2 protein chains.
Amino acid sequence: MVETVSGPDLSAALPARSVPAPVVARLPGYLQALESLRAGGRSTVSSEELAGMCAVGSAILRRDLSHLSAAGRRGVGYDCAGLAANIRSFLGLDRVRRIGIIGAGRLGSALADYAGIAASGFALAGVFDTSPRVVGTSVGGLTVSPMGDFAERSAEAGIELAVIAVPAPAAQSAADAAVAAGIRGILNFAPVVLTVPPAVHVRHVDLATELQVLAHYTAAEAREQQQ
Amino acid sequence: MVETVSGPDLSAALPARSVPAPVVARLPGYLQALESLRAGGRSTVSSEELAGMCAVGSAILRRDLSHLSAAGRRGVGYDCAGLAANIRSFLGLDRVRRIGIIGAGRLGSALADYAGIAASGFALAGVFDTSPRVVGTSVGGLTVSPMGDFAERSAEAGIELAVIAVPAPAAQSAADAAVAAGIRGILNFAPVVLTVPPAVHVRHVDLATELQVLAHYTAAEAREQQQ
DNA sequence: GGATGTGAAAAGGTTCACAGCC
DNA sequence: GGCTGTGAACCTTTTCACATCC
C-alpha cells in the first residue's frame, strides 16, 4: 500500500521507494536469521540455506535481496555481516531509532521489558500513561510520564516511533497526540482502526484478528469442505 | 536439529480452492465494524460505508463478501446482523473456540486479561508455564498449570488453539508440546520461526519485525524530503 | 434511484529456469 | 562444480465498470 508515483524516475537515486511492501515485510526475518548465523560464527550463507531458516523459497529470497544493493557472490553466497548491514541500513536502522510506548498497563509494560527491542536497533526512550496512579512508576527502566507531556518529552528524547498499548476507547486520542507531536510511525495494538494523516504510517497488530484467522483455518480443515 | 528445507513450504497449508488468504485476513475487520454498527443500532450498511470503516475500497469489500454466501440486497446494502453471523460462521466462530496461553510472564498475563478475547468468540481455557514460581498463581482468572500437564489439561478443557508467549529459546519446545497434544493452530509471539508439521497452522506476531518495517517507511520518507 | 455482484482488464508478486560469474 | 541475479511465464489479487436486481 505504498503510494505509487509514476512521474520522474528516481530509482537510480532511491530504490527504496519502489520496493514492494511484501518484500519490506520479509526483510526483518532475513536480518534476524543473519544475526543468528553471525552469532554462530558463520561468515557466508547461500540463498537456499537462508531461505530455509526463514521459511520462504530461495528464489523469492534472491529476488527480494535484488531490490537492495546487496551483493552476493556467485558460487559462494552472501556475506552474513555485509548483508545484515545492508538490510539494517535499508530499514533505516543504521542509527538507533527511539520509540515511545503509550500505555503502561500490562501490555505496555510487557512490551517495554521486551529485550528484543534493543537488539533490533531500537531504544525505548519514553513511556506514557494518562492514569495518575501509573505516572511516576518505573516501567522498562523508565519513569512513566503523563500523557500530557508527550509532545515535550518526545521532542526532548528524540522519539520517532510510537507504540500504542492503551484500551480501545483511548487509542484514537493517543494517536492524535502522537501525530500532533510529529510522530510519523505508529504501531497500534488496540483493536481500533486509527484515523491519521496520510504522511503517518500505521501498523496494526490485533490479537482477536489473529485468533480469528487461525480459527478459520483450523475449522476449515476440520470441515474439509468450503462453501 | 532437523532443518526443513527443500520444497515450497510457504503454501502454509490448506487446500486451496477456498477463499484467498488476504480475504480471510480482512474478514475479522469487517466483523468488528459490523459489531460496532449493530451496537449503535444500525440494521443495514452499504459496501461504501463499511469499507470506509475498515479502510479498504468498496469494490474489494464486495468481492470479499462474494466469497462467502453473504447476501446483500441491491439498492439497500448488507444486513448487519446477518452478515456478522455469516462471517462469524465462516471463521469457525459459530461455536466458542477454546484457547490456551503458554507462558504466564508479563506478555502472557497481558494477553490473558485482554477482554477482547471473549468478545471475539473465544474462551481462555488454560494458562501454562514451566516455572514453578508461576505455576499455581492466578492469571486471567485461571490457575496456571505446569507445562508438563499441557496435553492432559488441554484435552480436558477442549483447547484447540495455543498462544505462545514464552522467551525465544523456549518457543520451539512449547510448540512441540502443543503439536503433540493435538493443537492445530498456534499464534506465536516469540521471535522464532517455528517448525511444525504441515497440518498445523502458525501465525507469527513479532514486535521487532513490526517496528523495523515501520522504521523503514518513516526513514524512507525522511530521506525523500531531503531531496 | 441506489447498491450489489461480477466479468474483464490491470497491477502486482511469485516461481521457473537458466545465463553468467565465481 | 556451485550459486547468484534476472528475464519471462505464471498465478494471484485488485480495480474498473456496468449489467442486474431491489
Side-chain angles (χ1 to χ4, degrees), chain A residues 1-6 11 15 17-27 29-30 34 37 42-80 82-83 86-87 213 226-227, chain B residues 5-27 29-30 34 37 42-80 82-83 86-87 213:
Chain A
M1 303 309 164
V2 188
E3 356 13 285
T4 357
V5 171
S6 52
S11 57
R17 183 73 176 232
S18 59
V19 175
V23 176
V24 175
R26 282 189 294 263
L27 291 174
Y30 304 155
L34 288 165
L37 283 168
R42 289 284 298 277
S43 63
T44 61
V45 231
S46 69
S47 62
E48 192 85 24
E49 182 178 2
L50 185 54
M53 296 176 70
C54 303
V56 302
S58 64
I60 210 176
L61 170 59
R62 289 198 301 276
R63 191 170 292 278
D64 285 355
L65 296 185
S66 76
H67 287 288
L68 24 144
S69 53
R73 275 194 168 72
R74 306 191 191 209
V76 179
Y78 297 90
D79 174 58
C80 292
L83 182 54
N86 204 313
I87 294 177
V213 172
Q226 209 65 277
Q227 20 196 352
Chain B
V5 184
S6 70
D9 49 351
L10 201 301
S11 57
L14 281 274
R17 58 190 93 53
S18 52
V19 176
V23 177
V24 175
R26 283 188 294 264
L27 291 174
Y30 304 155
L34 287 166
L37 283 168
R42 289 284 298 278
S43 62
T44 61
V45 231
S46 68
S47 61
E48 193 85 24
E49 184 178 2
L50 185 55
M53 295 176 70
C54 303
V56 302
S58 63
I60 211 178
L61 170 59
R62 289 198 300 277
R63 191 171 292 279
D64 284 356
L65 296 185
S66 77
H67 287 289
L68 23 143
S69 53
R73 274 194 170 73
R74 306 193 190 206
V76 179
Y78 297 91
D79 174 57
C80 293
L83 181 54
N86 204 314
I87 294 178
V213 172

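Order of the sequence lines fixes the chain letters, A, B, ..., with proteins taken first and strands second; residue numbering starts at 1 for each chain. As the structure is a computational prediction, the values presented were derived from the model and not from experiment.
- A:Leu83 places its CG atom 16 Å from the P atom of D:dC3, with the value rounded to the nearest Å.
- Between A:Tyr30 and A:Cys54, the shortest heavy-atom contact is CD2-SG, 3.7 Å.
- When each of A:Val76 and A:Ile60 is assigned the nucleotide of DNA chain C with its nearest heavy atom, A:Ile60 is the one assigned upstream, toward the 5' end.
- Atom CZ in B:Arg62 sits roughly 7 Å away from atom C1' in C:dA3 (whole-Å rounding).
- Contact between the side-chain N/O atoms of B:Tyr78 and the OP1/OP2 oxygens of C:dG2 is not found at any separation under 4.0 Å.
- As a whole-Å value, the separation of B:Leu27 CG from D:dT13 P is 13 Å.
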Output one line per pair: protein atom, nucleotide atom from nucleotides 19-21 of chain C, and distance, for all N/O pairs under 3.5 Å.
| from | atom 1 | to | atom 2 | distance (Å) |
| --- | --- | --- | --- | --- |
| C:dG20 | N3 | A:Arg74 | NH1 | 3.3 |

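- B:Arg63 contributes a side-chain N or O that forms a donor-acceptor pair with the base of C:dG7 under 3.5 Å.
- Toward the 5' end of DNA chain C, the nearer of the two residues B:Ser46 and A:Asp64, judged by each one's closest nucleotide, is B:Ser46.
- Using a 4.0 Å cut-off, no side-chain N or O of A:Ser66 falls inside it from OP1 or OP2 of D:dG5.
- Atoms SG and CG, from A:Cys80 and A:Leu34 in turn, are 5.5 Å apart once rounded to the nearest 0.5 Å.
- Interatomic distance, A:Asp64 CG to A:Arg62 CZ, rounded to the nearest 0.5 Å: 11.0 Å.
- Under the 4.0 Å criterion applied to side-chain N and carboxylate O atoms, A:Arg42 and A:Glu49 are assigned as salt-bridge partners.
- Atom CG in B:Leu68 sits roughly 15 Å away from atom C1' in C:dT6 (whole-Å rounding).
- Residues forming a side chain to side chain contact (heavy atoms under 4.5 Å, CB included) with A:Thr44 (at least two apart in sequence, or on another chain): A:Val76.
- At the heavy-atom level, A:Arg73 lies under 4.0 Å from the strands shown only through sugar-phosphate atoms.
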